[in-house]
Participant: 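Sending over a structure as structure tokens; questions will come in a sec.
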Number of protein chains: 2
Amino acid sequence: MEDLMKALIIVAHGSRREASNEEVRQIAHQVAGIAGDEYALVVSGFLELVEPSIPDGIQQCIDAGATEVVVLPYFLSAGRHVVEDVPAEIKLAQDKNPSIRITQAPYLGSAPGIGALLLEQSVSGG
Amino acid sequence: MEDLMKALIIVAHGSRREASNEEVRQIAHQVAGIAGDEYALVVSGFLELVEPSIPDGIQQCIDAGATEVVVLPYFLSAGRHVVEDVPAEIKLAQDKNPSIRITQAPYLGSAPGIGALLLEQSVSGG
């Protein structure tokens with residue numbers, strides 16, 4: 001019997017400003033810390049400019065034993081990156097690994113809880 | 001005695017893709033629906049390309065009776081827009097309205113709850 005192992009990859013655009021990329025890595029690290037049994041592995045990946053690319057990040061998860069990979073776009077709106085570019089990158093990894101289940105989660109900006117998070121954030125800092 | 005009235009303005013970059021701007025307006029509307037007694041008014045504003053600008057959005061709040069305005073950057077990283085451009089826009093409004101308290105809340109990406117929101121989002125869609 002094969003063990004199931006689920007990984008999450010949080011994918012951002014990638015920035016020339018390294019501190020922005022580091023913020024994404026830190027958030028992946030934060031999610032890893034609270035993922036409990038949901039994900040054995042939580043990593044970050046980038047659409048442009050920064051390594052690992054989305055296919056490379058997915059491959060790292062698979063090489064580490066993941067049998068299922070969830071790709072979550074760390075984007076605020078459903079622009080071309082979310083609708084076309086991320087799915088195209090996922091397809092590259094999927095074609096290379098047909099036995100692995102790779103799915104795209106809805107992008108961050110569409111999370112039902114984002115309004116509550118903004119309200120909380122405004123009160124904490126306002 | 002003067003009544004106190006607090007307004008929240010959620011500011012995004014502004015996009016040539018109108019659906020992205022509409023997403024921001026919808027999120028401001030969502031926050032308004034759950035703001036309870038915290039904010040009498042929740043609106044959106046844009047740094048570039050889209051009306052209202054941040055100073056115009058702040059002015060609309062003040063014209064509607066706001067005595068305090070919280071400006072929350074709907075951005076994921078602390079780049080130039082969050083660190084320089086939004087504060088410069090706030091200063092324009094503050095200089096014009098010295099008696100109004102106008103503050104900038106921490107940007108969305110720095111919200112302590114963002115990891116939990118991502119985890120929840122990944123499970124809902126993965």
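Proteins get letters first, then strands, A, B, ... in listed order; numbering begins at 1 in each.
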Participant: Considering only heavy atoms from C-beta outward, does the side chain of A/Leu118 approach that of B/Leu8 to under 4.5 Å?
Facilitator: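 Side-chain contact under 4.5 Å: no.
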
Participant: So for B/Ala116, is it side chain, backbone, both, or neither that comes closer than 4.5 Å to the heavy atoms of chain A?
Facilitator: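 Answer is both: backbone and side chain atoms of B/Ala116 are under 4.5 Å from chain A.
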
Participant: Give the minimum heavy-atom separation between B/Tyr39 and A/Ser122, together with the two atoms involved.
Facilitator: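 That closest heavy-atom pairing would be OH-OG, 2.7 Å.
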
Participant: Determine, using the 4.5 Å side-chain heavy-atom cutoff (strictly less than), whether B/Val31 and B/Val43 are members of one ILVMFWY cluster.
Facilitator: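 No, because B/Val31 and B/Val43 fall into different hydrophobic clusters, even though each may have its own neighbours under 4.5 Å.
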
Participant: Does any N or O in the side chain of B/Gln30 come within less than 3.5 Å of the main-chain N or O of A/Pro112, such that one atom is a donor and the other an acceptor?
Facilitator: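 Yes; judged by distance alone, with no hydrogens or angles, the pair exists.
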
Participant: Does any heavy atom of chain A fall under 4.5 Å from the side chain of B/Phe75, the backbone, both, or neither of them?
Facilitator: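 Contact with chain A: backbone only.
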
Participant: Side chains of A/Glu23 and B/Ser110: donor-acceptor distance under 3.5 Å anywhere?
Facilitator: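 There is no such pair (donor and acceptor under 3.5 Å, judged by atom type) between the side chains of A/Glu23 and B/Ser110.
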
Participant: For A/Ala12, which atoms come within 4.5 Å of any heavy atom of chain B: side chain, backbone, both, or neither?
Facilitator: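 For A/Ala12, there is no contact with chain B at all, as no heavy atom is under 4.5 Å.
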
Participant: State, yes or no, whether a side-chain contact exists between A/Leu108 and B/Ile114 at a heavy-atom distance under 4.5 Å.
Facilitator: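 Side-chain contact under 4.5 Å: yes.
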
Participant: If I measure from the heavy atoms of chain A, does B/Ile34 come under 4.5 Å with its side chain, its backbone, both, or neither?
Facilitator: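 Interface part for B/Ile34: both.
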
Participant: Chain A heavy atoms under 4.5 Å from B/Ala78: which part of the residue, side chain, backbone, both or neither?
Facilitator: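 For B/Ala78, the contact with chain A is made by backbone and side chain together.
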
Participant: Hey, quick one: are B/Ile102 and B/Val70 part of the same hydrophobic cluster, counting side-chain heavy atoms closer than 4.5 Å, chains of contacts allowed?
Facilitator: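 No, B/Ile102 and B/Val70 fall in different hydrophobic clusters.
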
Participant: Kindly work out whether a path of hydrophobic side-chain contacts (I/L/V/M/F/W/Y, heavy atoms less than 4.5 Å apart) joins B/Ile54 to B/Leu41.
Facilitator: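 B/Ile54 and B/Leu41: one cluster.
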
Participant: Considering only heavy atoms, which portion of B/Leu72 lies under 4.5 Å from any heavy atom of chain A: side chain, backbone, both, or neither?
Facilitator: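 Just its side chain gets close to chain A.
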
Participant: Same cluster or not: B/Ile100 versus B/Ile10, using hydrophobic residues (I, L, V, M, F, W, Y) connected whenever any side-chain heavy atoms lie under 4.5 Å apart?
Facilitator: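 Result: no, two separate clusters.
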
Participant: So what's closer than 4.5 Å to chain B heavy atoms on A/Ala19: side chain, backbone, both or neither?
Facilitator: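 It is neither, since no heavy atom gets under 4.5 Å.
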
Participant: Please tell me whether A/Leu49 and A/Phe46 are part of a single hydrophobic cluster in this structure, the criterion being side-chain heavy atoms less than 4.5 Å apart.
Facilitator: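 Yes.
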
Participant: With only heavy atoms counted, which part of A/Leu76 is less than 4.5 Å from chain B, the side chain, the backbone, both or neither?
Facilitator: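 When you check distances to chain B, atoms from both the backbone and side chain of A/Leu76 fall under 4.5 Å.
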
